[in-house]
Amino acid sequence: MSQQTAITPTREQDFPEWYQQVVKAADLAENSDVRGCMVIKPWGYGIWENMQRGLDGLFKATGHKNAYFPLFIPLSYLAKEAAHVEGFAKECAVVTHHRLVPDGKGGLKPDPESELAEPLVVRPTSETIIGATYAKWVQSYRDLPILINQWANVVRWEMRPRVFLRTAEFLWQEGHTAHETEAEARAETEQMLAVYAQFAREWLALPVFTGEKSAGERFPGAEQTLCIEAMVQDRKAIQAGTSHFLGQNFAKASGIQFVSRENKQEFAWTTSWGVSTRLIGTVIMAHGDDDGVILPPRIAPAQVVILPVAPKPEMREAVFAACDALAAKLRAQSYGGEAVRVEVDKRDLGGGQKSWEWIKRGVPVRVEIGPRDIEKGTVAVARRDRGHKEKAFPTAEEFVGGITATLGEIHATLMDRATMLRDANTVKIETKEEFTAFFTAKGKEISGGFAFAHWDGTAETEAEIKDALKVTIRCIPSDSPAEDGACVWSGRPSGRRVLFAKSY
RNA sequence: CGGGCUGUGGCUCAGCUUGGUAGAGCGCUUCGUUCGGGACGAAGAGGCCGCGGGUUCGAAUCCCGCCAGCCCGACCA
């Protein structure tokens with residue numbers, strides 16, 4: 001059997017279908033019997049565990065601690081903040097009963113006698129319940145700041161689920177902090193955005209634009225939403241992380257009050273920030289190729305896979321021993337401050353089939369060891385960022401000694417490719433005609449990419465553009481210089497450019 | 001929640017128009033030959049044909065009802 005690519009269709013032919021096929025071929029996740037919910041399989045979950053470890057380290061390093069708050073939120077809590085309700089009410093799962101009884105048809109139904117006095121909402125996000133808790137914890141300015149993160153699942157009843165990118169239930173982290181002053185809370189919001197941008201670059205090999213959301217794209221209840229935006233290979237934007245300055249909105253809604261240094265009652269200033277399993281989808285779409293996933297080494301569950309080649313059964317033992325010995329030497333090396341992660345694949349499968357499995361899964365480095373290698377003291381090495389037939393034959397010592405550098409090079413390659421893709425498809429646009437042409441699909445092209453253009457700052461213009469072209473303001477870039485110009489849509493005066501794109 | 005479509009071994013589907021013993025490919029199991037780039041042969045296992053009712057000597061197939069899922073339109077990390 002010979003195929004051009006491991007994944008059909010190719011990215012070029014049908015990007016959304018390619019994505020689904022990659023998720024399946026790489027054994028990352030599958031749809032469950034529950035609509036909109038996914039089963040994250042060990043390889044996919046391994047990626048999430050590595051993301052968690054990386055982020056958790058960065059959170060701890062910036063003074064945060066983990067805690068856990070309830071899955072269920074009393075309905076009345078959610079109703080406390082008006083904008084928040086409006087944002088989330090449409091997509092909430094609600095628990096109304098606490099007991100089942102036979103339905104008389106061989107099944108079960110909620111016991112009408114067990115209806116809850118107050119329905120519970122399965123958290124779509126936890127601002128309200130955490131706010132209610134902080135209200136109890138905070139009495140004095142001496143109790144601030146509170147710097148807490150939680151790793152949790154949340155539920156948003158989505159109409160259009162897509163594995164990892166948009167599912168009814170997903171895993172994430174949500175940081176929730178409370179501060180004495182506005183300045184401190186704003187600094188926290190920015191600090192965590194910087195953490196996300198650093199994580200995207202250093203762990204995910206993903207260049208990101210940072211900036212602020214327009215009022216229309218803001219988190220419900222926030223004063224200001226900051227975000228990181230990445231470009232994936234169909235040139236659409238994906239929001240990879242958000243950090244919100246919540247002002248005193250939630251403090252007022254939940255009663256987070258304290259006695260200040262001046263002995264006055266004041267409301268705290270709060271923030272929240274989060275990234276989710278959507279990052280896995282982002283990585284797939286940003287780095288994958290027509291043979292499957294390509295994982296940035298720092299989040300790869302296995303960074304090196306060793307494939308024993310034993311043509312004759314009587315060689316197996318010797319080959320396995322050589323593989324185990326190599327694995328041990330590799331594990332003594334480190335990359336990104338952690339021991340190199342190595343897997344020896346001893347399954348009794350055809351060699352080609354095995355190799356292709358690991359290619360599709362995106363393991364950064366594959367090594368084959370057979371009798372000839374043992375004799376010569378060499379190994380056969382293939383890298384996932386290069387062609388699948390391209391092999392190098394270093395000595396085992398050279399290979400082990402160079403593994404840290406090799407993983408670093410692969411990370412750099414991915415970063416470079418993603419940066420080139422983004423830069424090649426990011427343009428400045430001045431006129432409505434150009435703008436429309438840029439975002440109008442020609443042939444099989446999906447999207448023009450990112451456009452920096454002037455915007456008059458009104459919600460009307462923003463909505464018109466969205467209606468006309470399905471293009472949104474991804475962010476008002478944090479580092480964009482003031483520049484006088486005319487709005488690309490309305491022609492009205494504008495003081496700076498914003499980032500437009502089609503998005504996930 | 002409005003419009004279109006589909007429910008048949010683990011997966012993808014054929015069979016239904018014109019009722020007559022449930023099929024294929026892939027996957028799985030065993031054995032043999034293979035194994036340095038997605039192997040081949042042989043033999044097997046596996047099905048309340050979505051659910052309920054009706055018509056009929058006889059229903060995967062025809063009729064009615066229900067349920068579930070998929071695709072398209074308004075929201076979203």
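Reminder, nothing fancy here: chain letters follow the sequence lines and each chain counts from 1.
When heavy atoms are screened at a 4.0 angstrom cut-off, A:A240 is found touching no nucleic acid atom at all. The residue A:K24 sits apart from the nucleic acid: no heavy atom pair falls under 4.0 Å. A:I359 comes within 4.0 angstrom of a nucleotide base, judged by non-hydrogen atoms across all strands. Across all strands, A:L349 comes closer than 4.0 Å to no nucleic acid atom at all (heavy-atom distances). If you check every strand for non-hydrogen atoms under 4.0 Å, A:S243 touches nothing. If you check every strand for non-hydrogen atoms under 4.0 Å, A:G351 touches nothing. When heavy atoms are screened at a 4.0 angstrom cut-off, A:R366 is found touching base atoms of the nucleic acid. Here A:Q239 lies in heavy-atom contact (under 4.0 Å) with sugar-phosphate atoms only.
A distance of about 28 Å separates the C1' atoms of B:U12 and B:G52, rounded to the whole Å. For the P atoms, the distance from B:G19 to B:U56 is 15 Å, rounded to whole Å. B:A60 and B:C51 have their C1' atoms separated by 14 Å, with the value rounded to a whole Å. For the P atoms, the distance linking B:G58 with B:A68 amounts to 32 Å, nearest Å. Going from the P atom of B:C72 to that of B:G53 covers 36 Å, rounded to whole Å. B:U34 and B:G47 have their P atoms separated by 36 Å, given to the nearest Å. With C1' as the reference atom, B:G10 and B:C28 are 8 Å apart, rounded to whole Å. For the C1' atom pair drawn from B:G32 and B:C48, the interatomic distance equals 39 Å after rounding to whole Å.
Distance from the side chain of A:P313 is smallest to B:C35 among B:A77, B:G37, B:C35. Nearest to the side-chain atoms of A:H388 among the listed nucleotides B:G37, B:C70, B:G36 stands B:G37. With distances taken from any side-chain atom of A:A6 to the nucleotides B:G38, B:G36, B:A77, the minimum falls on B:G38. Here the side chain of A:R35 is nearest to one of B:G37, B:C70, B:C75, namely B:C70. Side-chain proximity of A:A380 to the nucleotides B:G37, B:G38, B:G36 is greatest for B:G36.
The nearest whole Å value for the distance from the CG atom in A:D33 to the P atom in B:C70 is 11 Å. To the nearest angstrom, P of B:C76 lies 13 Å from NE2 of A:H244. Rounded to an integer number of Å, the gap from A:W356 CH2 to B:A39 P is 11 Å. Regarding A:W358, its CH2 atom lies at a distance of 19 Å from the P atom of B:G38, rounded to whole Å. The CZ atom of A:R372 sits 12 Å away from the C1' atom of B:C35 (whole-angstrom rounding). Between the CZ atom of A:R156 and the P atom of B:C75 there is a distance of 16 Å, given to the nearest Å. Counting to the nearest Å, the C1' atom of B:A39 and the NZ atom of A:K354 are 15 Å from each other. Rounded to whole Å, atom C1' of B:C76 lies 17 Å from atom CD1 of A:I473.
Judged by distance alone, the side chains of A:S243 and A:T189 never bring a donor and an acceptor atom under 3.5 Å apart.
Here A:H84 pairs with A:F88, A:F219, A:F250 under the ring-ring contact (aromatic ring centres under 6.0 Å, His included) rule; sequence neighbours left out. Checked against side chain to side chain donor-acceptor pair (under 3.5 Å), A:N50 has the following partners two or more places apart in sequence or in another chain: A:R53.
Note that A:K346 lies in the cation-pi zone of A:F320, set by a 6.0 Å cut-off to the ring centre and a 45° limit from the axis. Geometric assessment of A:R235 against the ring of A:F15 yields a negative cation-pi assignment under the 6.0 Å and 45° thresholds. Figure legend: A:R361 and A:W43 shown as a cation-pi pair, the cationic atom lying under 6.0 angstrom from the six-membered ring centre and within 45 degrees of its axis.
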Could you list all N or O pairs between the protein and nucleotides 27-30 of chain B that sit under 3.5 Å apart?
none

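Between A:A29 and A:V163 the shortest heavy-atom distance is CB-CG1, 3.9 Å. Contact detail for A:P296 and A:L204: the closest heavy-atom pair is CG-O, 3.4 Å. Of all heavy-atom pairs spanning A:W455 and A:S214, the tightest one is CH2-CB, 3.9 Å. Scanning both residues, A:Y134 and A:H176, for their nearest heavy atoms gives OH-O, 2.7 Å.
A:V363 places none of its side-chain heavy atoms less than 4.5 Å from the side chain of A:L295. A:V121 places none of its side-chain heavy atoms less than 4.5 Å from the side chain of A:T128. Between A:F209 and A:R474 the shortest side-chain heavy-atom distance does not fall below 4.5 Å. Within the 4.5 Å cutoff, the side chain of A:L407 has no heavy atoms near those of the A:R298 side chain.
Where pairing requires Watson-Crick or G-U contacts shorter than 3.5 Å, the helical stems of RNA chain B with at least three consecutive pairs are B:1-7 with B:67-73, B:10-13 with B:23-26, B:28-33 with B:39-44, B:50-54 with B:62-66.
You'll find a donor-acceptor pair under 3.5 Å spanning the side chain of A:R166 and the base of B:C76, going by distance alone.
A donor-acceptor distance shorter than 3.5 angstrom exists from the side chain of A:D290 to the backbone of A:R11, with no hydrogens or angles considered.
Of the residues in residues 391-399 of chain A, those lying under 4.0 Å from RNA chain B by heavy-atom distance are A:K391. A heavy atom closer than 4.0 Å to some atom of RNA chain B occurs in no member of residues 287-300 of chain A.
If you look at A:W48 and A:F170, their ring centroids are not closer than 6.0 Å.
Taking side-chain N and O atoms only, A:R278 has no distance below 4.0 Å to OP1 or OP2 of B:C76.
Taking the 5.5 Å centre cut-off and the 30° plane limit, the aromatic side chain of A:F170 is classed as stacked on B:A77.
Atom CH2 of A:W151 sits in a crowded spot, with more than 12 heavy atoms from other residues, nucleotides or ligands closer than 6.0 Å.
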